[in-house]
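Here the structure is a predicted model, which means the values were calculated and not measured. The figures that follow rest on heavy atoms only: side chains count, while hydrogens, waters and symmetry mates do not.
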Amino acid sequence: AISGFNGTESFTVTGLPTGVTARFSPATLPGSGSTTMAVTVPLGTAPGTSSLTITASSGTLSHSTGVSLVIGDSAPSNGTVTPSNASGMQQTFVYTFADPNGATDLSWTQMDVGNTVASACVVFLGRGSSFGYPDPATGGFWLEDDAGQGWSAPIQVGQQGTRENSQCIVDAGASSLQLSGTNLTITVAVTFKTAYAGSKAVWEMAEDNEGLTSTAGYFQVGSYTVTVPPLITSLSPTSGPWARRSRSAAITSGQARAR
């Protein structure tokens, strides 16, 4: 006992962030001794500092002390893309990014189909007040210019309209974003230009509100081949009694030829 006190003490804590829990071990103390407070922080809890008050009570007696709980920031993990290996002139890419502090902690992402910084199809997604989209459920697309030195005007994801450069057209209306726990899923609807045909790498990265980037930085997550569809360049015969009954078409991939 301390100064003659030999009552049984119980412990409580206030000021915990939403979802965070604490447990004392042992839960009570007879007279004197020590207890340990274990704090459980769920995945997705936003980083920050909280002021806690711990109170020991015994009957009408109580004593409180203040402590600070610091929840650190964790960098976003490397993302994924679906499909990770495909081809065509049109594609809907599904990018998934994860942040241990929650999807709302992701500030921006960059998604790139190309082999160089310039002359590529680079889509930037910005979220939060600094980008003009304070609602966590919304965000805006920017498309990189042909020189790789600037960006288009933003367009809200899900809003009807497109952004275009010499490599691709991004359809914002056919695109979407979704937050679920720690995951941010971005669907990007893209139509590639014929002149952009060939094999490309697919890259991505993300940054959170505290300035931490995905663990691998600018990270290749897949590959894509922009293929030019076959073209019909001529029909034969074009006149005469058989023209209405049968015609043969000369079809090649990309570069058509007459037959």
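- Here the CG atom belonging to L179 is positioned 8.0 Å from the CG atom belonging to L106, to the nearest 0.5 angstrom.
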So S64 and T55, side chain to side chain donor-acceptor pair (under 3.5 Å) or not? Walk me through it.
CA-CA 4 Å; S64 297; T55 301; 2.7 Å; yes
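- Using a distance-only test at 3.5 Å, with no hydrogens or angles considered, no donor-acceptor pair links the side chain of T225 to the main chain of T227.
- Between L184 and D99, the closest side-chain pair of non-hydrogen atoms is not below 4.5 Å.
- For the pair I54 and F24, the minimum side-chain heavy-atom distance is below 4.5 Å.
- Here the side chain of Q220 pairs a donor or acceptor atom with the backbone of G222 at under 3.5 angstrom.
- Interatomic distance, N115 CG to D112 CG, rounded to the nearest 0.5 Å: 8.5 Å.
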Take V226 and K200 through the side-chain contact (heavy atoms from CB on, under 4.5 Å) test and state the conclusion after the steps.
CA-CA 7 Å; V226 179; K200 314 295 178 185; 4.2 Å; yes
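- Formation of a donor-acceptor pair under 3.5 Å by the S223 side chain with backbone atoms of A201 is not found in this model.
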Carefully, step by step, assess N165 and D145 under the rule side-chain contact (heavy atoms from CB on, under 4.5 Å).
CA-CA 6 Å; N165 61 17; D145 64 18; 6.0 Å; no
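- Here the closest heavy-atom approach between residue V13 and residue A22 is recorded as CG1-CB, 3.8 Å.
- The backbone N or O of A206 lies less than 3.5 Å from a partner atom in the side chain of S214, making a donor-acceptor pair.
- Across S74 and L212, no two heavy atoms sit closer than the pair C-CD1, 4.0 Å.
- When hydrophobic clusters are built by joining Ile, Leu, Val, Met, Phe, Trp and Tyr residues whose side-chain heavy atoms come closer than 4.5 Å, directly or via intermediates, F124 is not grouped with V157.
- When all heavy atoms of S175 and T187 are compared, the closest pair comes out as CB-O, 2.9 Å.
- Looking at heavy atoms from C-beta onward, L52 lies in side-chain contact with L16 at the 4.5 angstrom threshold.
- Distance CD1/I71 to OG/S50: 5.5 Å, rounded to 0.5 Å.
- Partner Y95 forms a side-chain contact (heavy atoms from CB on, under 4.5 Å) with one of T109, V81, L177 and no other, that one being V81.
- If you chain together hydrophobic residues whose side chains sit under 4.5 Å apart, I186 and Y218 never meet in one group.
- Side-chain contact annotation: Q90 with T191, donor-acceptor N/O pair under 3.5 Å present.
- Between the side chain of T35 and the backbone N or O of P26 there is at least one donor-acceptor pair closer than 3.5 Å.
- The aromatic ring centres of F219 and W203 sit 6.0 Å or more apart.
- Using a 4.5 Å cut-off on side-chain heavy atoms (C-beta onward), F141 and L125 make contact.
- Heavy-atom minimum distance, P17 versus L69: CD-CD2, 3.9 Å.
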Where do W142 and W108 land on the side-chain contact (heavy atoms from CB on, under 4.5 Å) test, with the steps shown first?
CA-CA 11 Å; W142 284 255; W108 60 262; over 6 Å; no
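- Under the 3.5 Å distance criterion, with hydrogens and angles disregarded, a donor-acceptor pair is assigned to the side chains of D146 and Q167.
- Taking the six-membered ring for Trp and thresholds of 30 and 60 degrees, Y196 and F192 have nearly parallel ring planes, at less than 30 degrees apart.
- Y133 places a side-chain heavy atom less than 4.5 Å from the side chain of P154.
- The CD atom of Q91 sits 13.0 Å away from atom SG of C168, with the distance rounded to the nearest 0.5 Å.
- Looking at D105 and T182, their side chains never come closer than 4.5 Å, going by heavy atoms from C-beta outward.
- Checked by atom type and distance alone, the side chain of R127 never pairs as donor or acceptor with a backbone atom of P134 at under 3.5 Å.
- Of all heavy-atom pairs between E144 and W151, the closest is N-CE3, 3.3 Å.
- A distance of 14.0 Å separates SG of C121 from CZ of R163, quoted to the nearest 0.5 Å.
- Looking at heavy atoms from C-beta onward, T40 lies out of side-chain contact with V20 at the 4.5 angstrom threshold.
- Annotation: the span from E204 atom CD to F93 atom CZ amounts to 11.5 Å, rounded to 0.5 Å.
- When all heavy atoms are compared, the tightest approach of V122 to L143 is O-CD1, 3.3 Å.
- Side-chain contact between N101 and D73: present, with at least one pair of heavy atoms (C-beta onward) separated by less than 4.5 Å.
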Would V188 and M111 satisfy side-chain contact (heavy atoms from CB on, under 4.5 Å), going step by step from the backbone distance to the final call?
CA-CA 9 Å; V188 186; M111 300 149 286; 3.9 Å; yes
